[in-house]
Amino acid sequence: MYFIDNKGITDPRINLAIEEYALKTMDVEKDSFLLFYINEPSIIIGRNQNTIEEINTEFVEKNGILPVRRLSGGGAVYHDLGNLNFSFLTKDDGDSFRNFKKFTQPVVDALGKMGVHAELSGRNDILAEGRKISGNAQFATRGRMFSHGTLLFDTEIDAVVSALKVSKDKIESKGIKSIRSRVANIVEFLKEPMTIEEFRLEILNSVFGGEENIQYWELTEEDWNNIHALSEERYQQWDWNYGKSPKFNMKHSHRFPTGGVDIRLEVNKGIMEEVHIYGDFFGVGDIVEVEQLLTGKPYSKEAIEEALDSIDVPKYFGGVTKEEIIQLMY
């Protein structure tokens with residue numbers, strides 16, 4: 001495994017471009033890669049989420065917080081300079097996607113060496129003493145994948161609460177009395193104080209089995225030029241980060257065990273003229289393909305079923321079945 005040095009960049013629009021570029025160009029058949037990055041205050045939006053509904057726009061704009069959409073599914077997360085992000089980039093071997101334990105265990109082990117007793121809990125969270133210190137997400141494409149996560153080292157948790165909107169169904173499903181009470185910073189559990197840079201090095205040394213074993217992958221000038229171009233083309237574009245809010249006259253949403261699915265339909269004269277699918281589920285493939293498949297079809301159970309027969313529904317929706325989607329839509 002190689003470690004990719006991001007040169008201390010804190011712009012999320014560049015860091016997400018490094019991650020995507022590495023995923024699509026590195027030889028993951030031969031080697032795996034690890035990337036760390038720390039972002040300035042930002043909200044990193046899940047691939048299939050409706051940005052406007054996930055953020056507290058007034059707070060975000062007033063505080064200069066950047067909303068940036070990522071490639072992976074899952075929910076929106078707040079990043080700042082007290083939050084360390086890790087990303088394991090590897091080949092998608094058929095057994096790794098949705099196997100969060102495989103990628104979080106090295107981090108859990110590293111935390112244990114620092115006296116922080118942590119464990120993977122639920123779908124994709126790392127908890128310390130019952131409180132969340134890390135959320136994780138994954139993305140797979142063309143035989144490649146990454147599994148990435150946050151590590152709340154010393155983040156502004158009040159800003160997390162203020163910057164994000166939490167949907168009523170998520171609050172009900174998780175029994176959240178207060179986000180503040182169920183989220184924690186890793187510094188609260190450390191026996192000895194340390195900086196985030198020292199913490200980053202401790203994690204790195206643990207993953208590689210000692211500082212002397214770290215193999216560095218240096219990005220070339222050409223790599224950096226391509227990364228900056230990708231950042232401009234995707235992560236700095238309003239259309240990618242926000243997209244247009246959908247026109248709809250029907251809304252169907254449900255929180256499944258594997259994540260929430262929210263379907264918006266504009267139905268006119270019995271025809272689904274617009275279909276928009278949102279959620280924090282972890283699917284493989286582009287959900288736009290499902291939207292296009294349904295657009296223009298009659299709004300009937302038979303037509304929906306016939307359209308969905310041509311695709312692997314659980315693959316797109318992270319395990320939610322065709323029958324469950326039909327029942328949700330109709």
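When reading the values below, keep in mind they use all heavy atoms of this one structure, side chains included, and skip hydrogens, waters and symmetry mates. In this text the structure is predicted, and so the values were computed from the model without any measurement.
When every heavy atom of P67 is checked against every heavy atom of V60, the shortest pair comes out as CG-CG1, 4.1 Å. When all heavy atoms are compared, the tightest approach of I4 to A22 is CD1-CB, 3.8 Å. Among all heavy-atom pairs drawn from K91 and M145, the shortest one is O-CG, 4.0 Å. In plain terms, the two heavy atoms of K7 and E218 that are nearest each other are NZ-OE1, 3.1 Å. In this structure, S310 and L293 approach most closely via the heavy-atom pair OG-CD2, 3.7 Å. Across all their heavy atoms, F86 and S134 have their closest contact at CE2-OG, 4.3 Å.
Counting heavy atoms from C-beta on, the side chains of L219 and D5 never come closer than 4.5 Å. Residues P12 and I44 have side chains in contact (heavy-atom distance under 4.5 Å, counting atoms from C-beta outward). With a 4.5 Å cut-off on side-chain heavy atoms, F281 and I287 count as touching. Residues K102 and F88 form no side-chain contact, since every pair of their non-hydrogen atoms from C-beta on lies 4.5 Å or further apart. Side-chain contact between T150 and H79 is present, with at least one heavy-atom pair separated by less than 4.5 Å. In this structure, R47 and D286 have side chains that are in contact, with non-hydrogen atoms separated by less than 4.5 Å. Taking 4.5 Å as the limit, every side-chain heavy atom of I203 sits out of range of all side-chain heavy atoms of R200. In this structure, E40 and L66 have side chains that are in contact, with non-hydrogen atoms separated by less than 4.5 Å.
Atoms NE2 and CG, on H228 and D11 in that order, are 9.0 Å from each other to the nearest 0.5 Å. Note: N48 CG to S72 OG = 9.5 Å, rounded to the nearest 0.5 Å. Note: L152 CG to I133 CD1 = 7.5 Å, rounded to the nearest 0.5 Å. Separating the CG atom in L230 from the NZ atom in K24 is a distance of 7.5 Å, to the nearest 0.5 Å. In this structure, the separation between CG on D80 and OG on S42 is 8.0 Å, given to the nearest 0.5 Å. Here the CD-CD1 distance, from E222 to I227, works out to 10.5 Å after rounding to the nearest 0.5 Å.
With hydrogens and angles disregarded, no donor-acceptor distance shorter than 3.5 Å links the side chain of E232 to the backbone of A229. Between the N6 side chain and the G8 main chain, a donor and an acceptor come within less than 3.5 Å of each other. Judged by distance alone, the side chain of N136 and the main-chain N or O of N124 form a donor-acceptor pair under 3.5 Å. Under a 3.5 Å cut-off, the side chain of N56 and the backbone N or O of S162 do form a donor-acceptor pair. S206 places no side-chain N or O within donor-acceptor distance of the main-chain N or O of E202, the cut-off being under 3.5 Å. At distances below 3.5 Å, at least one donor-acceptor pair connects side-chain atoms of E198 with backbone N or O atoms of T195. The backbone N or O of T155 sits less than 3.5 Å from a side-chain atom of N185, completing a donor-acceptor pair. For the pair D125 (side chain) and S121 (backbone), a donor-acceptor distance under 3.5 Å is absent. Listed for the Q138 side chain is a donor-acceptor partner under 3.5 Å among the backbone atoms of R98.
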Stepwise side-chain contact (heavy atoms from CB on, under 4.5 Å) test for V288 and V290: CA-CA 5 Å; V288 171; V290 183; over 6 Å; no
F208/L34 under side-chain contact (heavy atoms from CB on, under 4.5 Å): CA gap, chis, key distance, verdict: CA-CA 10 Å; F208 280 91; L34 174 62; 3.9 Å; yes
M272 vs I304, side-chain contact (heavy atoms from CB on, under 4.5 Å): CA-CA, chis, key distance, verdict: CA-CA 10 Å; M272 295 184 284; I304 293 167; 3.9 Å; yes
Chi angles and distances behind the side-chain contact (heavy atoms from CB on, under 4.5 Å) call for L111, F189: CA-CA 10 Å; L111 290 167; F189 306 102; over 6 Å; no
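Between F146 and F103, the distance from one ring center to the other does not fall under 6.0 angstrom. The aromatic ring centres of W217 and F33 sit less than 6.0 Å apart.
We find that D92 and R144 are not joined by a salt bridge, their nearest charged nitrogen and carboxylate oxygen being 4.0 Å or further apart. Salt bridge annotation for E273-K247: absent, with no cationic side-chain nitrogen under 4.0 angstrom from a carboxylate oxygen. The existence of a salt bridge linking D280 and R255 is confirmed by a sub-4.0 Å separation between a basic side-chain nitrogen and an acidic carboxylate oxygen. A salt bridge links R234 to E20: one of the charged nitrogens lies within less than 4.0 Å of a carboxylate oxygen.
A cation-pi arrangement is found for R264 relative to F248, the charged atom lying closer than 6.0 Å to the ring centre and inside a 45° cone about the ring normal.
Just one of F100, F139, F317 meets the ring pair (Phe, Tyr, Trp, His ring centres under 6.0 Å) condition when paired with F282; it is F100.
Put simply, Y216 and L84 are part of the same group of oily side chains (I, L, V, M, F, W, Y) that touch within less than 4.5 Å, one to the next. Under the 4.5 Å side-chain contact rule for hydrophobic residues, V275 and I271 do not share a cluster. Under the 4.5 Å side-chain heavy-atom criterion for ILVMFWY residues, a single connected hydrophobic cluster contains both V107 and I196. The cluster map of Ile, Leu, Val, Met, Phe, Trp and Tyr, joined by side-chain heavy atoms under 4.5 Å apart, puts Y21 and W240 in the same cluster. Hydrophobic clustering of Ile, Leu, Val, Met, Phe, Trp and Tyr side chains at less than 4.5 Å, counting indirect connections, keeps V284 apart from F256.
A donor atom on one side chain and an acceptor atom on the other are found under 3.5 Å apart for N85 and N83. Side-chain contact of E19 with S87: a donor-acceptor pair under 3.5 Å is present, judged by distance alone. With no hydrogens or angles considered, no side-chain donor-acceptor pair links E53 and Y278 at under 3.5 Å. Y235 and N241 share no donor-acceptor pair across their side chains, judged by distance under 3.5 Å alone. For the residue pair S96 and D93, a side-chain donor N or O sits within less than 3.5 Å of a side-chain acceptor on the partner. Between T51 and R69, the side chains place a donor N or O and an acceptor N or O closer than 3.5 Å (distance only, hydrogens not considered).
Counted within 6.0 Å of CD on E58, heavy atoms from surrounding residues, nucleotides or ligands total 12 or fewer; the atom is thus considered open. Annotation: Q237, atom CD; neighbour count of heavy atoms from other residues, nucleotides and ligands within 6.0 Å is above 12. Shown here is K251, whose NZ atom has more than 12 heavy atoms of other residues, nucleotides or ligands within 6.0 Å.
Ring orientation note: the planes of H252 and Y299 are close to parallel, at an angle under 30° on the 30°/60° scale.
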Please tabulate, for the side chains in residues 319-327, all donor-acceptor contacts under 3.5 angstrom to protein atoms that are two or more places apart in sequence or on a different chain.
residue : atom : partner : partner atom : Å
T321    : OG1  : E324    : N            : 3.1
T321    : OG1  : E324    : OE1          : 3.3
K322    : NZ   : D309    : OD1          : 2.4
E324    : OE1  : T321    : N            : 2.9

